Amino acid sequence: MKGLITYIQRMSIHDGPGLRSTVFLKGCNLRCKWCHNPETWSNNCQLQYLEEKCIHCFTCINVCENNVFSVNGESLQIDRDKCVLCKKCIENCPSEALTFVGNYVESDEIVSSVLQDKIFYENSNGGITISGGEPSLQKGFTLDILKKCKESDIHTAIETNLLMDRDVLESFFPYVDLWICDLKIMDSEKHKHWTGCSNRVILSNIKTLSSMSAKMLIHTPVIPGVNDSPEDINSICSFLSELPIIPKYELLPYHSLGMMKFANLGMKNLFNHDQFLDKETLKQLNEIVDSYNLNAK
Ligand code: SF4
Ligand code: SF4
């Protein structure tokens, strides 16, 4: 079965326990304004332009038959709507300033690539993590990888926003050892404002997973000016502390490292601010988390 991915990161230490291979799938059903992986939003391949690598030879203008490129003064203009993804410009660009984001691969290819590192997973209690984007948007592909990894005795984790139908969640359930899920904002209207969608289904799925005794790690990305108030974190902790099985919980401080990706892909960055979370606020929020006796880090 084929699916669309951005890349596979081997030897990852940030996406679950131990050493892992993380597969990033394309396509997401949320639009978090602070997202640092906007290359995973679209469920299509995308043309990426790295201006810092461009030597302004303008070969791309000549090879593209669809008039995607033009020059404005010194700078290259790109009308991505006209692109038919033929790759001619990429093949002819001398400086690798043009690349594609997105690659169709067979699930079997992914599994055999992941299996190459089995010895490292065994020695570190690691495994595979399927991430994105939102893996449930390619549910058949995701399920196929999960099943094949379980058949090969590989620990499986899924990094998901949990915005999925219950039947999809239940189909994944037997093959997922660890659910890594974001819980960004408790207030539904506020969640909709910042992510494009209400959190109703997400909260319901967290409750469902907890009632099924699923092993869960819940993350809150703490974004300055969005969800960094004591009220925000209190309401999340209160919800988690009332679940039938208390999940592991972590606060993840915001960073702005992915913001250049918006420009490279010709996408609008809707979160133009470079505020960082100060240590004092983080300390205060950590104290709130600690006060709930959650399984927290
Ligand atoms: S072909 Fe590559 S290096 Fe030349 S102008 Fe186009 S993007 Fe820049
Ligand atoms: S991929 Fe093809 S259509 Fe798209 S910009 Fe490059 S040459 Fe033009």
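It should be emphasised that the depicted structure is a prediction, and the values quoted were computed from it without experimental measurement. Read the numbers this way: they start at 1 and go in the same order the structure lists the ligands and their atoms.
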Fill in: Heavy-atom nearest neighbour in the protein, as seen from atom 5 (S) of ligand 2, with distance rounded to 0.1 Å
F69 CE1, 3.5 Å
Response to the item:
atom 2 (Fe) of ligand 2: closest protein heavy atom, distance to 0.1 Å, is C86 SG, 2.3 Å
Worksheet entry | ligand 1 contact on S95 by region, counting heavy-atom pairs under 4.0 Å | side chain
Worksheet item: Between the side chains of R20 and H14, is a donor N or O closer than 3.5 angstrom to an acceptor N or O?
Response: no
Worksheet item: Applying the 4.5 Å side-chain criterion to the ILVMFWY set and letting contacts propagate, would L19 and I180 be lumped into a single cluster?
Response: no
Discussion item. Within the structure provided, determine whether W41 and L30 are in side-chain contact (heavy-atom separation under 4.5 Å).
Written reply: no
Worksheet item: Parallel under 30°, tilted from 30 to 60°, perpendicular over 60°: which one fits the rings of F271 and W194?
Response: perpendicular
Worksheet item: Are any non-hydrogen side-chain atoms of P221 and Y254 less than 4.5 angstrom apart?
Response: no
Practice prompt. Report the C-alpha distance between D232 and S229 in whole Å, list the side-chain angles of each, state the deciding distance to 0.1 Å, and finish with yes or no for side-chain hydrogen bond (donor to acceptor under 3.5 Å, both in side chains).
Written response: CA-CA 5 Å; D232 284 303; S229 74; 2.7 Å; yes
Discussion item. Only heavy atoms of F58, strictly under 4.0 Å: list the atoms of ligand 1 that pass.
Written reply: 4 (Fe), 5 (S)
Worksheet entry | Distance from atom 8 (Fe) of ligand 1 to nearest protein heavy atom, with residue and atom | C54 SG, 2.4 Å
Worksheet entry | Sub-4.0 Å heavy-atom contact, N66 with ligand 2 | yes
Response to the item:
For atom 1 (S) of ligand 2, the closest protein heavy atom turns out to be K87 N, 3.2 Å
Worksheet item: Considering only heavy atoms from C-beta outward, does the side chain of Y292 approach that of N234 to under 4.5 Å?
Response: yes
Worksheet item: What protein heavy atom sits nearest atom 6 (Fe) of ligand 1, and how far off is it?
Response: C60 SG, 2.4 Å
Item to complete: Determine yes or no for a side-chain-to-main-chain donor-acceptor pair under 3.5 angstrom, with T220 supplying the side chain and L183 the backbone.
Response: yes
Worksheet item: So which bit of L98 gets within less than 4.0 Å of ligand 1, heavy atoms only: side chain, backbone, both or neither?
Response: side chain
Item to complete: Please write down residue, atom name and distance for the protein heavy atom closest to atom 4 (Fe) of ligand 2.
Response: C83 SG, 2.4 Å
Worksheet item: What atoms of ligand 1 come closer than 4.0 angstrom to any heavy atom of I55?
Response: 3 (S)
Discussion item. Using 2.8 Å as the threshold, say whether any N, O or S atom from C89 sits that close to atom 8 (Fe) of ligand 2.
Written reply: no
Discussion item. With a cut-off of 2.8 Å, does C93 put an N/O/S atom close enough to atom 6 (Fe) of ligand 1?
Written reply: no
Worksheet item: Could you walk me through whether Y121 and S21 pass the side-chain hydrogen bond (donor to acceptor under 3.5 Å, both in side chains) check?
Response: CA-CA 9 Å; Y121 312 143; S21 288; 2.7 Å; yes
Item to complete: Could you list which atoms of ligand 2 come closer than 4.0 Å to a heavy atom of V84?
Response: 3 (S), 4 (Fe)
Worksheet item: Which atoms of ligand 2 have any heavy atom of V68 under 4.0 Å away?
Response: 5 (S), 8 (Fe)
Worksheet entry | salt bridge (Lys or Arg N to Asp or Glu O under 4.0 Å) assessment of E287 paired with K283 | CA-CA 6 Å; E287 282 167 7; K283 186 168 171 259; 3.8 Å; yes
